[in-house]
Colleague: 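To start, I am sharing the structure in question, which I have written as structure tokens.
Note that the structure is a prediction, hence the values are computed from the model and not measured. Residue numbers begin at 1 in each chain, while the letters A, B, ... track the order of the sequences.
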There are 2 protein chains.
Amino acid sequence: MQSALLTKANSSALPLFTLEAPQFRKSTDAPAVGAVHSYAKDGEIFAEGDRAAFVYKVLSGVVRTSKLLSDGRRQIDAFHLAGDIFGIEAGEEYRFCAEAVGDCVVIAYRRSNLGALMGSDSQLAQEMTMGMMRSLVRAQNHMLLLGRKSALEKIATFLLDMAERTSGGDALDLPMSRSDIADHLGLTIETVSRSFTQLERQGMIELPSARHVVLSNRAALEHLNA
Amino acid sequence: MQSALLTKANSSALPLFTLEAPQFRKSTDAPAVGAVHSYAKDGEIFAEGDRAAFVYKVLSGVVRTSKLLSDGRRQIDAFHLAGDIFGIEAGEEYRFCAEAVGDCVVIAYRRSNLGALMGSDSQLAQEMTMGMMRSLVRAQNHMLLLGRKSALEKIATFLLDMAERTSGGDALDLPMSRSDIADHLGLTIETVSRSFTQLERQGMIELPSARHVVLSNRAALEHLNA
DNA sequence: CGCAAAATTGAGGGCCCTCAACCGTAGTGG
DNA sequence: CCACTACGGTTGAGGGCCCTCAATTTTGCG
């Protein structure tokens, strides 16, 4: 199968923000709080069905978690940015696969250690619980999008959400491919592409390059958000 | 059966339900852990935006929780059967509305009391956490359905899931209307109806009446489940 | 520079939606 | 007892949104 790419050399390029990984480790490193791992683009962090031994937090980069149907259709349930928790499971196995969208660094907390950690470190306990809460809120909002929104509305919602989660401003660079966006929004790459150009033609966004988006008319986009 | 993560998260004070301070009082209203309410068909239990003062458990009947777009499009995120928890919120307001699908009875736990209740009654604490966990799992599976499954596949998945959650056998009577099913699966009532008759013609189900379904070919249905 | 992957664009088709008519059941009142 | 109505559900015809297939352009990287 796929081997976890534990490339210690966090590659080189990609001005991914965050050099604060050392800070994370330092604070509570003594009792082996978590192991830091790096993954190259498309590297597999865990697969659907793997034994769920770890809970992860993104330190830098972006992670996607997805489910597959038997014929290959894919649904990306979420993109996880720096600071986000993923891989929380109630059962023994992961019900998703997790992969690096681009080069990324994560910290893995062994589940069997979490009990003690959460007893001693209420900060981490709260983070875990809040992470699960946020996942639920995001999932519930996303169901409305998947079930009831048009392609244009999906893209508008996605762009506004990504902008809010990253810079917060109007300039936005997307870390993921059109294919990833499509599988997140329940569309095809062609429809994603067409929707982008349509939004551009309508003056709602600008596309200096495929992965750079400027939200030039937030009001109109938010109107599409319904 | 229970993961370390969950059990440990319970024992330490969950920040989830304690926006108001956890209380010491637990004897004054010992029998009144929650208030029982009855609702007629389509009765509103709470509305989107209401102050989230209670967490609910279904005692009998079925409850739907749904979100609306400004133009009236609706997405039912879940049906809650007897024993299910609903209305768990991290923030101050409900992000859904909750209505009775048919006549139903629920028990309402005041959120400000939950801290004490969960201290004294670990059974309830575990129920709350597991309720949230189950909601998350269901939501994540439902995203795959909404984003990537065909109408026939959606109906097949829905029927198998409902059968498992109720009788567990092959006979099934649906407590909700076609409209509710449609808004749960991201379809229209006409497509729901057509899919039912198509499954019937293909011998996978029988429809003695609109709301009584017999799963006469589980294997085929599960194949559609992909 | 040259290749492969990603993204865009176009043409055509299919799945599901929209609009509409019809059917069956249940409730109501003359 | 039987209109009459209301409502939920089914069925049909047609259209639109998005998918599929395909070609082309652009981007990224050696």
Colleague: Nearest whole angstrom, please: distance from the C1' of C:dT18 to the CZ of A:R148.
Modeller: 13 Å
Colleague: For B:I189 and D:dT10, what is the distance between atoms CD1 and P respectively, to the nearest whole Å?
Modeller: 10 Å
Colleague: Please identify each residue that fulfils salt bridge (charged side-chain N to carboxylate O under 4.0 Å, His left out) with B:D77, with sequence neighbours left out.
Modeller: none
Colleague: Determine: side-chain N/O of A:T188 to OP1/OP2 of D:dC19, distance under 4.0 Å, yes or no.
Modeller: yes
Colleague: Per the atom types in the model, does the base of C:dC19 pair as donor or acceptor with the side chain of B:E190 at under 3.5 Å?
Modeller: yes
Colleague: Using atom NZ of B:K41 as one end and atom P of D:dC7 as the other, report the distance to the nearest whole Å.
Modeller: 11 Å
Colleague: In whole angstrom, what separates A:R178's CZ from C:dA5's C1'?
Modeller: 14 Å
Colleague: Over how many whole Å does the gap from A:I155 atom CD1 to C:dT8 atom P extend?
Modeller: 10 Å
Colleague: Going by number, which of residues 191-217 of chain B have a non-hydrogen atom under 4.0 Å from DNA chain C?
Modeller: B:T191, B:R194
Colleague: Counting heavy atoms not belonging to B:E164, are there more than 12 under 6.0 Å from its CD?
Modeller: no
Colleague: If you pin A:K149 and B:S177 to their nearest nucleotides in DNA chain D, which one's is more 5'?
Modeller: B:S177
Colleague: Look only at the side chain of A:T157 and the backbone of A:E153, and say whether a donor-acceptor pair between them is shorter than 3.5 Å.
Modeller: yes
Colleague: Could you tell me how far apart B:L185 (CG) and C:dC17 (P) are, to the nearest whole angstrom?
Modeller: 11 Å
Colleague: Check A:L199, A:I155, A:L174 against A:V213 for a side chain to side chain contact (heavy atoms under 4.5 Å, CB included) and give me the one that passes.
Modeller: A:L174
Colleague: Just to be sure I understand the rule, does A:L187 reach a base, reach only the sugar-phosphate, or reach nothing, if contact means heavy atoms closer than 4.0 Å?
Modeller: sugar-phosphate
Colleague: Is there a donor-acceptor pair closer than 3.5 Å between any side-chain N or O of A:R148 and the backbone N or O of B:R74?
Modeller: yes
Colleague: Looking at B:H184, is its backbone amide N or carbonyl O close enough to the side chain of B:H142 to form a donor-acceptor pair, meaning the two atoms are under 3.5 Å apart?
Modeller: yes
Colleague: Find which nucleotide of DNA chain D each of B:S179 and A:L152 is nearest to by heavy atoms, and output the residue with the more 5' nucleotide.
Modeller: B:S179
Colleague: Write down the distance between CG (A:D183) and P (C:dA7), rounded to a whole number of angstrom.
Modeller: 12 Å
Colleague: Atom CG of B:D173 and atom P of D:dG9: how far apart are they, to the nearest Å?
Modeller: 13 Å
Colleague: Salt bridge or not between B:R64 and B:D183? Use side-chain N to carboxylate O under 4.0 Å.
Modeller: no
